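These notes concern the structure reproduced below.
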Amino acid sequence: MRVRSSAGVVRGLLVLVGVVLTGCQSPSAGVAEDGLPGGPASGSAAAGSPPVTRPAGYGAVFLGVGECSSFGTTSFTEVPCAGERAAARVVARHGGTVRDGPRCPATTDFVLHISEQRPSSDEDGDGEVPRGYACMRNLQPPHPGDPGGGGGPRTIVGDCVYGSGDGQVRETSCDGKGGQDPEYKVTEAVDRHADCPASTALYVRLGGDRPVGCARPL
């Protein structure tokens, strides 16, 4: 387009630009960690419009408590909890490593280890997702973290174990469907070995406030 030097034409262009900008004041849509459309970008809504909010439990913090992840324990994304891709919900979220941080809740099904990242969309817009871990609970059964479920990051009262050799035990489901027959069941958690009942045949290290598990033979 050929540019004219007329002042009247320039003023007309400025008025046109002003009209275009006025018609584009609605907030732009954001993009979530997984590339799916997210909630609106932060900012004030136009006059007369309802308040701008993100969908509940999705996008405000990367895998914050109450938010959901897709399927997979090594490759995962944050997704809306009501969506068909949602597999598990965050029940606790901590920074650092599992070894140095707080323990996950007793009935946690699995743990997602979150490495330090620099994604296109993150918690606070600084271009980073800090290292941490999320304690996850499946949205649907099975729940291996439940007592007797045969899995989960913690051994708790009600779980069953079997001897794996060299004085070690491993958890398996109490119903015998975990690939290994259960040999012992943890019936109590106590402060020390002496507090276990006389029927105890095996002591299992549980950790926490009551670190000794008293297990009886099955």
Side-chain angles (χ1 to χ4, degrees), residues 57 62-79 81 85-115 130-218:
F62 182 67
L63 286 181
V65 174
E67 295 177 346
C68 294
S69 77
S70 60
F71 293 89
T73 57
T74 58
S75 177
F76 57 91
T77 56
E78 181 184 313
V79 296
C81 290
R85 296 178 61 201
R89 189 185 304 272
V90 181
V91 295
R93 172 78 147 81
H94 304 291
T97 64
V98 174
R99 176 176 297 183
D100 300 327
R103 290 157 58 85
C104 283
T107 55
T108 298
D109 287 330
F110 64 95
V111 177
L112 287 180
H113 300 271
I114 302 169
S115 60
R131 184 180 185 183
Y133 58 98
C135 309
M136 310 298 296
R137 175 83 174 169
N138 293 331
L139 294 180
Q140 301 292 334
H143 293 289
D146 282 352
R154 294 180 53 181
T155 301
I156 59 177
V157 173
D159 280 342
C160 293
V161 297
Y162 68 95
S164 60
D166 298 329
Q168 302 295 315
V169 296
R170 294 186 181 276
E171 189 176 334
T172 188
S173 58
C174 290
D175 60 10
K177 298 179 180 179
Q180 294 286 342
D181 292 333
E183 298 176 353
Y184 305 90
K185 184 172 185 177
V186 180
T187 57
E188 290 186 49
V190 298
D191 294 330
R192 53 184 183 169
H193 292 180
D195 295 330
C196 285
S199 59
T200 299
L202 180 72
Y203 303 103
V204 181
R205 183 181 301 173
L206 304 181
D209 295 335
R210 295 186 174 183
V212 178
C214 313
R216 61 173 177 80
L218 293 175

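Worth saying up front: this structure is predicted, and the values here are computed from it rather than measured.
The shortest non-hydrogen separation linking Pro182 to Thr172 is CA-CG2, 3.7 Å. Pairing each heavy atom of Ser164 with each of Val169, the nearest pair is OG-N, 4.0 Å. Shown here for Val65 and Val91, the closest heavy-atom pair between the two residues is CG1-O, 4.1 Å. Residues Asp109 and Gly145 share a closest heavy-atom pair of OD1-N, 2.9 Å. A pairwise comparison of heavy atoms in Ala86 and Leu139 identifies CB-CD1, 3.7 Å as the closest pair. Nearest heavy atom pair, residue Ser70 against residue Val79, reads N-CG2, 3.9 Å.
Applying the side chain to side chain contact (heavy atoms under 4.5 Å, CB included) criterion to Pro197, with sequence neighbours excluded, gives Glu188, Ser199, Thr200, Cys214. For Asp100, the side chain to side chain donor-acceptor pair (under 3.5 Å) test picks out Thr97, with sequence neighbours left out.
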Name each donor-acceptor pair under 3.5 Å that joins a side chain in residues 147-160 to protein atoms two or more places apart or in another chain, with its distance.
{"unit_1": "Arg154", "atom_1": "NH1", "unit_2": "Cys104", "atom_2": "O", "d": "2.8"}
{"unit_1": "Asp159", "atom_1": "OD1", "unit_2": "Gly148", "atom_2": "N", "d": "2.8"}
{"unit_1": "Asp159", "atom_1": "OD2", "unit_2": "Ile156", "atom_2": "N", "d": "2.8"}

N/O donor-acceptor pairs under 3.5 Å from side chains in residues 203-213, not counting sequence neighbours:
none

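In this structure, Arg170 places its CZ atom where only 12 or fewer heavy-atom neighbours from other residues, nucleotides or ligands lie under 6.0 Å away.
Residue pairs satisfying the salt bridge (charged side-chain N to carboxylate O under 4.0 Å, His left out) criterion with at least one member in residues 189-199, sequence neighbours excluded, are listed as follows: Arg192-Asp195. Pairs engaging residues 173-182 under the salt bridge (charged side-chain N to carboxylate O under 4.0 Å, His left out) rule: none recorded [sequence neighbours left out]. For the salt bridge (charged side-chain N to carboxylate O under 4.0 Å, His left out) condition, the pairs that include at least one residue of residues 141-150, sequence neighbours left out, are Arg137-Asp146. Contacts classified as ring pair (Phe, Tyr, Trp, His ring centres under 6.0 Å) and involving residues 135-190 (residues at least two apart or in different chains) are not found.
Looking at Ile114 and Arg93, their side chains come closer than 4.5 Å, going by heavy atoms from C-beta outward. Side chains of Glu183 and Leu218 form no contact here, defined as non-hydrogen atoms less than 4.5 Å apart.
Taking the six-membered ring wherever Trp is involved, the centroid distance between the rings of Tyr133 and His113 does not fall below 6.0 Å.
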